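Here's the structure, in structure tokens; my notes come after.
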Amino acid sequence: MATRAGGTGRYAQDEKRRDSDHVSFLKHRRFRWLWIALALSVTCILGYVMIDQQPRPNGGSWYGYTLGTIGFALIIWLSLLGVRKRRINPGAWSLKAWTSAHVYLGLSLIVIGTLHTGFQIGWNVHTLAYVLMLLVIVTGIYGVIVYATLPASLSANRKEMTRAQMLEALTAIGRQLETAAQPLDRAEADLVIAALSQDVFAGGALARLTGRYPGCATARALGGMGTRSEGEQRVVALLEKRAEQLSQIRGALRIRALLEVWLFIHIPLTIALIAALTAHVISVFFYW
Amino acid sequence: MAGRFKVAIVGSGPAGLSAAARAAALGMSHVLLEKTDHLSDTIFKYQKGKHVMATPSNLVLRSDIDFEAGKRETILGRWDEQIAGHKVNVKIHAEVAKVEGEKGAFSIHLRNGEVVEAEAIVLAIGTQGNPNKLRCPGADSPIIQYQLDDPGEYYDEHITVVGSGDAGIENALGLAADPAQRNVVTILNRSADFARAKGANVKLLEEAERDGRVIVRRETTPAEVRDSELLLDTRDGQEAIRCDRIIARTGSQPPRGFVEAMGIEFSSPEPGAFPKLSPVFETTKPGIHVIGALAGYPLIKHCMNQGYDVIEFLNGNHDLKPADEPILAEKFAQLPGNRSVEQWLEVFGKNVLILADLSTLQLRELMLDSTCHAYEPGEVIFRRNDPGSSMFAIAEGSVAVEVNPADPSITVPIEQGSIFGEVGLISGRRRGATIRAAEPVIALELSRTAALKLLATSPGAARVVNAISIERQLLQMFGSGLTKQDVAPLVESAEVMQARAGQVIVTEGADDKDVFIVRRGSMIVEKQIGERPVFLSYLPAGSYFGEMAVIDGSARTATVKAAIKSEVIRLPGEGFLALLEKNPALRTRALKDMAGRRATNEFIESRKDSFSGAVDLYSETAAFLVDNGIGEATDVLLIDEKLCIGCDNCEKACADSHDGLSRLDREAGRTYAHLHVPTSCRHCEHPHCMADCPPNAIKRGPDGEVFIDETCIGCGNCQRNCPYGVIRMDAKPPNKPSLLHWMLFGKGPGPGEASYSWRKKEAEKEGGQKAKQAIKCDMCSGIDGGPACVRACPTGAAIRVSPDKFLTFTKLTEDAE
Ligand SMILES: Cc1cc2nc3c(=O)[nH]c(=O)nc-3n(C[C@H](O)[C@H](O)[C@H](O)COP(=O)(O)OP(=O)(O)OC[C@H]3O[C@@H](n4cnc5c(N)ncnc54)[C@H](O)[C@@H]3O)c2cc1C
Ligand code: HEM
Ligand code: SF4
Ligand code: SF4
Ligand code: SF4
């Protein structure tokens, strides 16, 4: 029970957590992984410059093999982030530390991989692997930029509402619109019905990313609504509310899409990279 | 009249039923009086299909009727059958209104005017009480009902709901939900706004009003109930509306007044107190016995056993051992000395000061919720900084307190009969010192619930604990070197004050001279700088304040007010000064503390001139966090929305670490300056959720977490009591296919909480969903590395903090990016 002497020994761990500074994955442990990655890259460059590689610097020399092995191991380890992220137990590790290491060690691959090629580029499976790696890295850099810049606007757009609450608010306005539209004439009523029956998520990937919905039926209804009668004014006011609510939902969708879209390239390219890399390694050993 | 019964049993809940069945089996002349038209109204009112649980599992059931865990319908059905089988003399529609007479000749007056005569009475009316009736002519009309079981039952009716609380609003919305029922629903509210209901409910009601689904009448009260018509008092005079049915939801009266009117005394005026009872459940009014929930035993099994026992006692069986005997025997078996249950009870009852006033019945019950320990000399009982809110009492032997963490050899003794650990109980904070057994010790550890119950029911025990705790708090706070004699005059003049949230204890600029100790709860210190108050610091329980003005004779330099409901000890300034005079070491320390505090205040004031934006941010963020329950938290999840990418990995990790259900709702909750307080447990110092849990299933664990164990019966009380809405009631879902299966073959729902439909479908394959139980964050107890939510966050947005460490200028203004 609560007071048995000793406890589970987690107290020290918990106190450390409560005492620790609050920092992002980029600043984690005073940029520990940035320094490690820099050291790794500088060492590789120095080695490349100082070691006399025969017949010429490329993947085939012993130094080239060394760089290749390091690079291959790093890529496999970087890919394992996808598993790590989804398997939280067992182990006293944190995904923040892993992401921090992933980002900086991933960047060091630019140096390691490039040196490994010995600047020999051609139309072959080896270069394919290299280019895929660079593409994965470029998408990763995009990812880090959006992770660092977009969350604040996601939070500001949310205004303390959850996604479910936003949709609920929209449904509530919809119900009011339905009643308010009763006295309208046929043409105007049709506009309201069209607005209400349009799926919030309609518009496709492009609309979602840009936040522009040219086919928005609510905007169209607002445009085609008169303002003479009291009934019309009430409907217009409600349509404006609906448009506002829609724009919050679309804002949230847009920011989240920008935060996620790169993973749809980063992950498949990782899989392609591993395939190309396997082909690259096998072909190298085959011709050996 | 049917002559005089030997016993009249009032109330047909599990306690009353079991008593009546025993009386019938013994052939004792009896009558069972039930207010409603069915047996066991409390259980009858459970949600349809609720799984009723039979805890505690180690207690044997002793009753002529059966009870085992199962569906509400099955249990009620079986009881109806068995009560008929035993030929119990049941009288329904028999609400007892008044009891007159003495033992041997009671007259029991029913609401309908009938009088029942009995020699003895067993009161088993539970704790539900009576719904408040409408206060107008016609209040007894049959069109009025006090409960709404199924809103879908009513068609084409004009229904008026009276009452503006959550129950009333929910009923009105339920009745109007389906337009196909064509009900005309009106809700009456005496005032102009719905201040007593939850914001979300009020919003829904206002929306329903705008849509014309519900008619809301404000500043309106019922004036008279007539046949299919209701006369209303409105602001503009009287008005009659058509009305086929009235649902009255204006709260209920606890049964205490009714019980006291019979001449039965309660153990104390506290709301949590129960009637004083003898070992045979007899009250202070001879001839009237109280059992069941009303006696303080809310579990069905306890109720049924007591029903059996009370009739046996009335029948003259005085050798009957209570049904908890084997449980107690098991508890005592591990203690040395081979003594019997009775002998042990005597040792504890006689030796321990705070148990002196208890009856054997109370003592036995207290033992059930407590743990007995035997310690060897030198053995550690608890260590400094262990979490723990239980209290210990020494039945034999004595213990040594290590008052100086730096030097374990300096100890202060606590002698036989006294208590320790009470600071943890009162403040809700970690242990302040390590305590060892000084000689062989037999000690009783009272769980927080048991200890609080004891303090509420025994004024004597409360007085003792109060005096001891003030003395110990002084000794502990002002460090080593002080003796009981040194602080005796201060203890003498100390006064405990309750403070509600926001109450000001010390006002800036005032020239009163008292010193205060925060005994429970927490304080915030503010100073008026320019126009607005600026937050200076946060004082957790165990700190003192007000010393500056006393030491240097100045006016108060800042305002101190309670962050949450708190208790402070007020010490007169002169007494404090006299103590400092006598103890130079203490004086030095106080001066040092004071200089430190002054430096913090000056730092913030100086910043205010140059970096007023940062100070405002700090001050406002701190105030926001305190408003959101951080002031009473021990460990709380916060999310920095400047870093959060909304991936919900925190929720997924939570679900995957805990039976597949997430205990946090990341999006819900308040946000200020990008700091978000999600809906997740704060592990309060004094958890509100623990207040009313029938099986005492909510406990504080070894790492300070508040957790719910498997004995939860799913009653939902904790969910209602938690002010932060963090408890959900749900069934443990079946296991998911492994991560590998999902990644490679797309099997199962993937990481995180599975959808409701998946859980339901899978559970049905396994023979139906498990019973719903209360679930909440347990701070990933037992998981190496600590809370999964924090570990699973890729960006560092999710942090867990404690208020004393986080509510500081540096932490609140640090830039995480
Ligand atoms: C939602 C919920 C779920 C629960 N789940 C469980 C569970 O799973 N397992 C468990 O062990 N416990 C559970 N409990 C607790 C348990 O139901 C009660 O503590 C228990 O029913 C108390 O029994 P009782 O006989 O003392 O009184 P009650 O069951 O409250 O019965 C009192 C009876 O007295 C009648 N009465 C009241 N006043 C008068 C009067 N003046 N005259 C005549 N008759 C009167 C009432 O109509 C009622 O029928 C739950 C409680 C709730 C609220
Ligand atoms: C060849 C090198 C790399 C490989 C093979 C790789 C692979 C991966 C994989 C498999 C994931 C898991 C995605 C998921 O399951 O959600 C991931 C995530 C990520 N990668 Fe990379 N990556 C590489 C380089 C980089 C670089 C250079 C950066 C940054 C500069 C980067 C930034 C990220 C980020 C920010 C995430 C998301 C972490 C999260 O949200 O949990 N990656 N990467
Ligand atoms: S469940 Fe609620 S009341 Fe209980 S500890 Fe958590 S936040 Fe506090
Ligand atoms: S639902 Fe809550 S109060 Fe009720 S038994 Fe379970 S933990 Fe206790
Ligand atoms: S894991 Fe971190 S980034 Fe993801 S939703 Fe939770 S707090 Fe936000």
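Lettering follows sequence order; numbering is per chain, from 1. Model, not experiment: these values are computed from the prediction.
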Inset, instruction - Specify which of A:K159, A:E15, A:H28, A:M161 makes the most heavy-atom pairs with chain B at under 4.5 Å. - result: A:E15
Inset, instruction - Among residues two or more places apart or on two chains, list those pairs meeting side-chain hydrogen bond (donor to acceptor under 3.5 Å, both in side chains) that have a residue in residues 254-270 of chain A. - result: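 Every side-chain hydrogen bond (donor to acceptor under 3.5 Å, both in side chains) pair that includes a residue of residues 254-270 of chain A, provided the two are not neighbours, is A:T139-A:H266.
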Measuring only between side-chain heavy atoms, which start at C-beta, is [X] closer than 4.5 Å to [Y]?
| X | Y | answer |
| --- | --- | --- |
| A:S24 | B:L643 | yes |
| B:I799 | A:S20 | no |
| A:R17 | B:R791 | no |
| A:D19 | B:K805 | yes |
| A:E168 | B:K203 | no |

Inset, instruction - Identify which part of B:K811 has an atom lying under 4.5 Å from any heavy atom of chain A, answering side chain, backbone, both or neither. - result: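 Side chain only.
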Inset, instruction - Name the region of B:D665, side chain, backbone, both or neither, that has any atom closer than 4.5 Å to a heavy atom of chain A. - result: neither
Any idea which heavy atoms bring [X] and [Y] closest together, and the distance?
| X | Y | answer |
| --- | --- | --- |
| A:Y147 | B:T795 | CD2-CG2, 4.0 Å |
| B:E207 | A:A172 | OE1-CB, 3.4 Å |
| A:L154 | B:G646 | CD2-N, 4.4 Å |
| B:E641 | A:S155 | OE1-OG, 2.6 Å |

Legend entry - Neighbourhood of chain B inside residues 78-108 of chain A, taking heavy atoms under 4.5 Å as contact: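 Residues A:G82, A:V83, A:K85, A:R86, A:R87, A:I88, A:N89, A:G91, A:A92, A:W93, A:S94, A:L95, A:K96, A:T99 are the ones that qualify, each having a heavy atom under 4.5 Å from chain B.
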Legend entry - Flag, side chain of B:E667 to backbone of A:R163, donor-acceptor distance under 3.5 Å: yes
Inset, instruction - Could you list the residues that satisfy side-chain contact (heavy atoms from CB on, under 4.5 Å) with A:S153, not counting sequence neighbours? - result: A:L150, A:I255
Legend entry - Nearest-0.5 Å distance, CD of residue A:Q13 to CD1 of residue B:I783: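 Here the rounded value is 11.5 Å.
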Inset, instruction - State which residues pass side-chain hydrogen bond (donor to acceptor under 3.5 Å, both in side chains) with A:E160; sequence neighbours excluded, sorted by chain then number. - result: B:R670
